[in-house]
Amino acid sequence: MKIIADKTRCAGHARCAAVCETLFELDANGYISFTEKTVPEGQQELARRGIRACPERALKICEDR
């Protein structure tokens, strides 16, 4: 599973990082700092919760096949 971030849509609410700051790293200005990240085993549900927390819908999941 991967998290895909659209940095142009991120408004810096940091709700994703409030769910799990190790999965959703923010830059010095409070915006998401990556465009793609592999979710470590066992943290899939945290990733889903963080993605649902984003009011701008700047995050989505890409399931491994």
Side-chain angles (χ1 to χ4, degrees):
M1 168 189 286
K2 291 183 181 180
I3 300 168
I4 308 297
D6 181 348
K7 293 173 89 171
T8 65
R9 295 185 69 159
C10 179
H13 297 290
R15 291 181 183 178
C16 58
V19 171
C20 186
E21 63 186 22
T22 58
L23 276 178
F24 300 97
E25 296 105 357
L26 305 178
D27 65 18
N29 295 315
Y31 295 92
I32 199 75
S33 65
F34 63 88
T35 54
E36 184 177 299
K37 180 172 188 165
T38 300
V39 177
E41 191 65 35
Q43 294 190 342
Q44 292 88 350
E45 187 54 36
L46 279 174
R48 288 183 185 96
R49 285 179 46 211
I51 289 167
R52 285 193 303 266
C54 180
E56 304 301 329
R57 301 294 179 239
L59 304 166
K60 66 180 180 177
I61 289 178
C62 178
E63 296 285 350
D64 295 330
R65 294 202 156 69

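On a predicted model such as this, the values are computed, not experimentally measured, just so you know.
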Taking all non-hydrogen atoms of both residues into account, name the closest pair between [X] and [Y] and its distance.
X     : Y     : answer
Phe34 : Phe24 : CE2-CA, 4.1 Å
Val39 : Ala47 : CG2-CB, 3.9 Å
Cys16 : Ala53 : N-CB, 4.4 Å
Gly50 : Val19 : N-CG1, 3.8 Å
His13 : Pro55 : CD2-CG, 3.3 Å
Ala58 : Cys10 : CB-N, 3.8 Å

Item to check | Separation between NZ of Lys60 and CG of Asp6, rounded to the nearest 0.5 Å | outcome: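 Interatomic distance, Lys60 NZ to Asp6 CG, rounded to 0.5 Å: 8.5 Å.
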
Item to check | Greater than 12 external heavy atoms within 6.0 Å of Gln44's CD | outcome: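 For Gln44, atom CD is crowded (more than 12 foreign heavy atoms under 6.0 Å).
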
Checklist entry - Leu23, Tyr31: one ILVMFWY side-chain cluster at the under-4.5 Å cut-off? => result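 Cluster IDs for Leu23 and Tyr31 differ.
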
Checklist entry - When you check the gap from the basic side-chain N to the acidic O, do Glu36 and Lys2 get nearer than 4.0 Å? => result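 Counted as a salt bridge, because a side-chain N and a carboxylate O are separated by less than 4.0 Å.
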
Next on the checklist: For the backbone of Glu41 and the side chain of Gln43, can you confirm whether one donor and one acceptor N or O come within less than 3.5 Å of each other?
Outcome noted: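 Judged by distance alone, no pair lies under 3.5 Å.
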
Checklist entry - Does any N or O in the side chain of Arg57 come within less than 3.5 Å of the main-chain N or O of Arg52, such that one atom is a donor and the other an acceptor? => result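 Yes.
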
Checklist entry - Given Ile3, which of Ile61, Ile32, Thr35, Ile51 fulfils the side chain to side chain contact (heavy atoms under 4.5 Å, CB included) condition? => result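 Exactly one pass, corresponding to Ile51.
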
